[in-house]
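Just below is one structure, and these are the notes that go with it.
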Amino acid sequence: MTTPSPAAPAARPVDTASAWAPLAIPTFRTLWIVWVTANICMGMNDVAAAWLMTSLTHSPVMVALVQSAAAAPVFLLGIPSGALADILDRRRYFMATQFWVAGVAVLLFAASVTGALSPHLLLVLTFANGVGFAMRWPVFSAIMPELVPRPQMPAAQGLNGVAMNVSRIVGPMLAGAMLAAASGTFVYAVNAVASTAAGFAIMRWRRKPEVSKLPAERFLGAIRVGVQYIAQSPPLRVVMLRIFVFFTQSTALLALLPVVAKSYPGAGAGTYTVLLAAMGAGAIVAALSMTRLRRHMGSNAMVRYGTLLHAAMTVAVALAPDVWLALPAMFVAGMAWIVVANAMLIVAQFGLPDWVRARGMAIMQTALMGGNAIGAAIWGQVASSFGLRIGLIAAAVAAALSLLLVQRFKLQTAESEDLRPARVWKEPETAFAVDPHDGPVMVTIRYRIDPARAAEFAQVMQESRRFRLQHGALAWELLRDTAEPDTWIEYYVDESWAQHLRRFDRATAADVALTERKYAFHLGPEKPAVARYIAQSAGDAGTRAPTPPGALV
């Protein structure tokens, strides 16, 4: 990952709606309730799996690997799932992933009833359950802009965080009560029923998908464009790095919490449940206070102080002699955790245009879960080798040291970039029929530039390079005529005619502003000459699709 340019202060998005405003929209309210139910089921499964693992084995590594098994699928499948969420019908995709989770719950129930559940089978089925979450998570993130107006997006994102953390309270509480009163088998039975009901609720959503005359993006191409968009955005690369670093350290507390709970005097299934619920309660309190907090503190300060506070609470839990002293520490740790996560994810949300939002957020979630999976394995091994307290304290020290290592990578947002859609460019006309799948397509733009402004022009063209590549260009170059020093040619290559036409649908106000800046350098009354060439067979080589004079690209 390259070092980003010096960072501007992180922007503080202004909330124009109350924290609960999106719930007044019926469709959002219904799907949010489905999302809450789905995450409660996920929380029940994770708690039951973690606690059952302590009954199946005494190894801290195996217990910590439950967290890795739940998080690893998002690390492995997060990017593909984001691409699918952008190119498939989101209603059907959301529904399919929910029924997948229900099916895994049925398998866990069957294995538990028959006595076939072993430590390794439990890890495999926990991984399968995580696959459902990995494929499902980007969908809800992607549909939020469809369901709520843009001014309510921060509030909707906050409610998403509330849903996730309600599951930290309700899920563990339900699972703990069931584990104490019955068994893990009963937890999986309830999980299967609730997950299936959530799937049928999604079926009732009557979404009107956008109709496009262009064919759907190809799966691998969609992944490439999503990765390319993040790779060409220094602010988003920084967010991804900071997310990975934070969650690699902070996951130690959650991953080792079952072992922590069991170490307290008189501990039972309820001990783990109460500790996890305390953390979830702290996260909810902080999530509902984020609007006020953002008025007084920037994103970088929130991440810095939140990380240090979480590390301090991790040490407090490690040294607490009983559950009563650990509970307030877990509450504060939950507050710190959500403050850091929310600060980073809001920066990511506002740095992504709508057309690539699912893929971009999936990449961020991949970094998050990748940190969780790797961190759980590392700190589980440290705890196994040197003791539980040493493992937790080492993770806290590593979190504090990591702030020094990444301090030059500041969270930032491009405050001057307006990422709202701006469909002001007309699609080019062609002199002959072009199939959408034909390609590659080469576009050239010829500029006449005052040689005295050549360096200034070349600097602006570096922004043009980023724009072209973010929208999926396979190649980009800026050329200067050796015979006529005032003549420059910008060219880029798209993989197909359809991919090229998508640029016109995906243009944002910032893209239009960049084009105007480039064209301001051009000498003469006419706009830069634009030409588009499409690959042809040898017999038709040289065929050219002309562009109307003055057309923007």
Side-chain angles (χ1 to χ4, degrees), residues 20 22-46 70 73-74 77-78 80-109 125 128-149 152-153 155-168 170-171 174 187-211 216 219 222 349 354 357-359 361-362 365 369:
W20 305 103
L23 292 179
I25 302 171
T27 304
F28 178 84
R29 182 171 63 248
T30 298
L31 293 180
W32 184 79
I33 292 172
V34 167
W35 188 239
V36 171
T37 302
N39 283 289
I40 287 174
C41 291
M42 185 68 65
M44 289 170 60
N45 182 85
D46 290 348
V74 181
L77 302 174
S81 67
L84 290 173
D86 274 335
I87 65 180
L88 296 180
D89 181 89
R90 288 170 181 166
R91 171 183 170 273
R92 294 181 179 178
Y93 184 61
F94 195 7
M95 185 171 57
T97 58
Q98 185 59 39
F99 283 126
W100 169 278
V101 172
V104 173
V106 171
L107 291 176
L108 281 164
F109 171 74
L125 291 177
N129 197 58
V131 168
F133 177 79
M135 304 304 286
R136 183 180 60 195
W137 187 89
V139 183
F140 191 76
S141 179
I143 64 176
M144 279 196 291
E146 297 182 28
L147 305 177
V148 300
Q152 291 187 11
M153 272 297 295
Q157 180 66 26
L159 286 172
N160 186 24
V162 169
M164 297 292 288
N165 286 285
V166 162
S167 69
R168 287 178 179 269
V170 179
L174 290 175
V187 174
Y188 294 132
V190 172
N191 201 350
V193 173
S195 296
T196 302
F200 281 114
I202 297 171
M203 291 179 67
R204 300 185 61 186
W205 174 29
R206 293 294 178 260
R207 176 179 182 262
K208 294 182 179 179
E210 292 185 9
V211 178
F219 178 63
Q349 280 275 13
D354 291 342
R357 189 180 303 278
R359 279 167 279 188
M361 294 305 293
Q365 186 74 358
M369 288 299 186

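All figures in this text were calculated on a predicted structure; none of them were measured in a lab.
The shortest heavy-atom contact between M95 and M203 is SD-CG, 2.6 Å. N191 and M44 get closest at one heavy-atom pair: N-CE, 4.3 Å. Nearest heavy atoms, A198 versus Q98: CB-NE2, 3.7 Å. What you find for G132 and V101 is that their closest heavy atoms are CA-CG2, 3.8 Å. Closest non-hydrogen pair, L125 versus V104, comes out as O-CG1, 3.5 Å.
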Evaluate side-chain contact (heavy atoms from CB on, under 4.5 Å) for W100 paired with V131, printing each intermediate quantity in order. CA-CA 9 Å; W100 169 278; V131 168; 4.1 Å; yes
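The CD atom of Q365 sits 12.5 Å away from the CG atom of L77 when rounded to the nearest 0.5 Å. Separating the CD1 atom in I40 from the CH2 atom in W35 is a distance of 12.5 Å, to the nearest 0.5 Å. Taking CG of N129 as the start and OG of S195 as the end, the distance is 7.5 Å to the nearest 0.5 Å.
Using cut-offs of 30° and 60° for the angle between ring planes, the F99 and F200 rings count as perpendicular.
In this structure, L23 and W32 have side chains that are in contact, with non-hydrogen atoms separated by less than 4.5 Å. Residues N39 and F133 form a side-chain contact, since some pair of their non-hydrogen atoms from C-beta on lies under 4.5 Å apart.
In terms of modelled atom types and a separation under 3.5 Å, the side chain of Y93 and the main chain of M135 share a donor-acceptor contact.
Counting non-hydrogen atoms of neighbouring residues, nucleotides and ligands closer than 6.0 angstrom, the CZ atom of R92 reaches no more than 12 such neighbours.
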